[in-house]
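The structure under discussion appears below in the form of structure tokens.
Keep in mind it's a predicted model, so treat the numbers as computed, not measured. The chains referred to below are lettered A, B, ... by the order of the sequence lines, with proteins before strands, and numbering in each begins at 1.
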Amino acid sequence: MYWSRYYIPTLKEAPSDAEVVSHKLMTRAGMIRKLTAGVYSYLPFGLRSINKVAQIVREEMDRAGAMELMMPTVQPGDLWKESGRWEQYGKELLRFKDRHERECCLGPTHEEVITDLLRGEVRSYKQLPLNMYQIQTKFRDEIRPRFGLMRGREFLMKDAYSFDRDDAGAEASYRAMYEAYKRIFSRLALRFRAVEADSGSIGGSFSHEFMVLAQTGEDVIAACTACDYAANVERAEVRFEGAPDGAEQLPLQAVDTPGVHSIEEVAAFLNVEPCRIIKTLLLSVDGKPVAALVRGDRELNPLKVKNRLDATTVEFATPEQVAAWSGAPVGFAGPSGLGVETILADLELQAGSNWVAGANRADTHNLNVNLPRDARITAYADLRLITESDYCPRCGAAIELPRGIEVGHVFKLGLKYSKAMNAVFLDENGKERHMVMGCYGIGVTRVVAACIEQNHDADGIVFPPPVSPFDVLLLSLDGKSEEVNAKAAELHGLMAGQGLDVLVDDRDERPGVKFKDADLIGVPLQLVLGSKSMGRGVVEAKDRRSGEKAELSMENFAAEFAAWKKTVYAGWGM
RNA sequence: CGGAGCGUGGCGCAGCUUGGUAGCGCGCCUGCUUUGGGAGCAGGAUGCCGGAGGUUCGAAUCCUCUCGCUCCGACCA
């Protein structure tokens, strides 16, 4: 490919609405253009990268025994009513009516369609297991699209669905996908981690997320420094095995704390450490009041409350609810005498004594609160967010909290959809049974964005070779020289003959422009051909990642290029 | 959804406070020179100043409405 006939509209400046580095660089490198909030056109250069990722995904899905199909983007509302998600899914589901006033939606995911498809086809256990996938445009009307391709409304996703006879089969399908995902992200030369995750709104019991590690990630991972335990902090277990401190229980004492609301204010006013205070969070769990107690220096993980109570919604109480339930304004709720039926306390609170807590009365706190004596605790449970000072729940080693970008998610769906939509088959005994399902997603366009978040420098994108739109960028300086042009064509043909995608920058531009653009667009292997180096019989080579330069002799180019390429790829762990 | 901000040639911005008929840098086109890390000179093209309404002799500028975009928040006991 010759740049003079290709379209890569590079920009010196990023548009002012681009905030994150992948969005800026993808725009500047001529990969994408925004059409409207969260919706992008993929330009030729960007699409090549997307297609490279998609191809690797495809190969590994096929290898794992999944079959590619393609389902519709426009889906009938009736199907979603059948699964119950027409009501559940909320505004992210873009709904509209067709000319016959029939309710429709744009597919944010395809459980309903695939379940509907296979329930009409699969009759016998002999036809199972099945795993089908597609690589297709999804639309999710996000509350707030942002970060370019990282959280768009329209994006390209690979979604796979497995159907099995029983739990053991479903487990095998899940493991196969988990392994396929590890292969995929390894092949893409990304630094990633598979983490335990909450299963979220799609449903199912547990799941794993695949996180591309990057400082700019929206998710925080709790990762063990010793074993391979890793979990989304939303899910990460916190072990507490401390014994009661055995201190003498002092009498409960109310003190005036006028206008003292927050933990920091209480700590300062009463001159106690935040870790000696009980934070009482009032929550509305499926509309009912629940109190959750954690140590003052800790943060509640609402998801743990949700899972503990097997609830569907957990929200922080409004100031009005706080007043009604605790009998005091916000800032003075406490466990003793609290008129809320369900009071959960974090494990850490079981061990301590003589706590400071709100008194459920305006401008008043209690000293020497001892939970067994002064409060009615429904249950002690792991309720809080993990911190860097906690230890691995598996092996006890130190925990670190790197950030990541979720690029893949594997779920066990169980019978959720097969029951709701009556997807059944006949087993060996002629008995009707529900298919056991799993679903597995990879955000293809997000993989490209996440890849750039992870791999860039001050000059631009630093593509890992498997994700790069082209394998080699050959800068042809001195484009007016017949000799240089002929040599460029020769090298292009030679490398293309090795199966490489080669881009030759033959534009009528000054060398500086070409160098800058080369670094910006991030092709991993850069070759420079100009009168100067030609005179010495060499081609200059630069590893975009390390910046290291080499010289390849023209006489022995094929061999020297192959060797150089190998060392560059080795730097990527390939 | 709540809060804040921004819409002016392709991109980045100034002009708006104090109304007088639009400007800068980059990019683009032509020519000459230049050619190893975003060249120089000369010439040139490109704006319904987001849209609608209003005030005014006159609106990019003031007022009202509207559309679009961006950011922040949704951990507070």
Tell me, which pairs form a ring pair (Phe, Tyr, Trp, His ring centres under 6.0 Å) where one or both residues lie in residues 512-545 of chain A, sequence neighbours left out?
->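 Sorted result for residues 512-545 of chain A: empty, none.
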Ring pair (Phe, Tyr, Trp, His ring centres under 6.0 Å): pairs with one or both residues in residues 249-304 of chain A, sequence neighbours excluded =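 Ring pair (Phe, Tyr, Trp, His ring centres under 6.0 Å) check on residues 249-304 of chain A returns A:His261-A:Phe332.
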Indicate, with a heavy-atom threshold strictly under 4.0 Å, whether [X] touches base, sugar-phosphate, or nothing.
X	value
A:Arg28	base
A:Gly530	base
A:Val322	base

Where the side chain of [X] is concerned, which of [options] is the nearest nucleotide?
X	options	answer
A:Ile263	B:C71, B:A77, B:G36	B:A77
A:Lys34	B:G38, B:A77, B:C69	B:C69
A:Ala37	B:U70, B:A74, B:A77	B:U70
A:Leu281	B:C1, B:A77, B:G38	B:A77
A:Leu520	B:G38, B:A77, B:C75	B:G38
A:Phe515	B:C71, B:C75, B:G36	B:G36
A:Lys542	B:G37, B:C71, B:C1	B:G37

Taking only the [atom1] atom of each, what is the distance from [N] to [M] in whole angstrom?
N	M	atom1	result
B:C63	B:G3	C1'	24 Å
B:G43	B:G38	P	26 Å
B:C13	B:G50	P	15 Å

Separation of atom [atom1] in [X] from atom [atom2] in [N], rounded to whole Å:
X	N	atom1	atom2	result
A:Asp517	B:C26	CG	C1'	14 Å
A:Lys516	B:G36	NZ	P	15 Å
A:Lys24	B:C71	NZ	P	11 Å
A:Arg510	B:U34	CZ	P	11 Å
A:Gln526	B:G36	CD	C1'	13 Å
A:Leu293	B:C75	CG	C1'	16 Å
A:Glu315	B:C1	CD	P	17 Å

Answer with yes or no after comparing the ring centroid distance for A:Phe470 and A:Tyr6 against a 6.0 Å cut-off, counting only values under it.
->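 When the ring centroids of A:Phe470 and A:Tyr6 are compared, they turn out to be within the sub-6.0 Å range.
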Would you mind pulling out the nucleotide paired to [N], Watson-Crick or G-U wobble, both distances under 3.5 Å?
N	answer
B:G68	B:C6
B:C62	B:G54
B:C11	B:G25
B:A42	B:U30
B:C1	B:G73
B:G37	none

Ignoring backbone atoms, establish whether A:Lys12 has a side-chain N or O less than 4.0 Å from OP1 or OP2 of B:G25.
->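 Looking at the OP1 and OP2 atoms of B:G25, neither is under 4.0 Å from any side-chain N or O of A:Lys12.
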[X] and [Y]: side-chain donor and acceptor closer than 3.5 Å?
X	Y	answer
A:Gln526	A:Asp519	yes
A:Glu209	A:Asn232	yes
A:Ser553	A:Asn556	no

State, with a plain yes or no, whether a side-chain heavy atom of A:Leu477 is found less than 4.5 Å away from one of A:Val528.
->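 Result yes, sub-4.5 Å side-chain heavy-atom pair found.
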Sidechain N-carboxylate O distance under 4.0 Å for A:Asp517, A:Lys12 =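 Between A:Lys12 and A:Asp517 there is no salt bridge, as every charged N stays at least 4.0 Å from the carboxylate O atoms.
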Ion pair A:Arg295/A:Asp297, N-O distance below 4.0 Å |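 A salt bridge is present here (some side-chain N lies under 4.0 Å from a carboxylate O).
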Indicate for each nucleotide in nucleotides 2-15 of chain B, in 5' to 3' sequence, whether protein heavy atoms under 4.0 Å reach the base (B), only the sugar-phosphate (S), or nothing (-).
-> ---------SSS--
Specify the residues of residues 323-339 of chain A, ordered by number, for which at least one heavy atom lies under 4.0 angstrom from an atom of RNA chain B.
->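 Residues of residues 323-339 of chain A that come under 4.0 Å of RNA chain B are, in numerical order, A:Val330, A:Gly331, A:Phe332, A:Ala333.
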Please list, chain by chain and in numerical order, all residues satisfying ring-ring contact (aromatic ring centres under 6.0 Å, His included) with A:His456, sequence neighbours excluded.
->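 Partners of A:His456 under the ring-ring contact (aromatic ring centres under 6.0 Å, His included) test: none.
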List, one per line, each side-chain donor-acceptor pair under 3.5 Å for residues 347-360 of chain A, sequence neighbours excluded.
unit_1: A:Glu348; atom_1: OE1; unit_2: A:Arg298; atom_2: NE; d: 3.1
unit_1: A:Glu348; atom_1: OE1; unit_2: A:Arg384; atom_2: NE; d: 3.4
unit_1: A:Glu348; atom_1: OE2; unit_2: A:Arg298; atom_2: NE; d: 3.2
unit_1: A:Glu348; atom_1: OE2; unit_2: A:Arg298; atom_2: NH2; d: 2.6
unit_1: A:Glu348; atom_1: OE2; unit_2: A:Arg384; atom_2: NH2; d: 3.3
unit_1: A:Ser353; atom_1: OG; unit_2: A:Asp245; atom_2: OD1; d: 2.8
unit_1: A:Ser353; atom_1: OG; unit_2: A:Asp245; atom_2: OD2; d: 3.1
unit_1: A:Asn354; atom_1: OD1; unit_2: A:Leu250; atom_2: N; d: 3.0
unit_1: A:Asn354; atom_1: OD1; unit_2: A:Asn370; atom_2: ND2; d: 3.0
unit_1: A:Asn354; atom_1: ND2; unit_2: A:Glu248; atom_2: O; d: 2.8
unit_1: A:Trp355; atom_1: NE1; unit_2: A:Gly352; atom_2: O; d: 3.4
unit_1: A:Asn360; atom_1: OD1; unit_2: A:Gly334; atom_2: N; d: 2.9
unit_1: A:Asn360; atom_1: ND2; unit_2: A:Gly334; atom_2: O; d: 3.0
unit_1: A:Asn360; atom_1: ND2; unit_2: A:Ser336; atom_2: O; d: 3.0

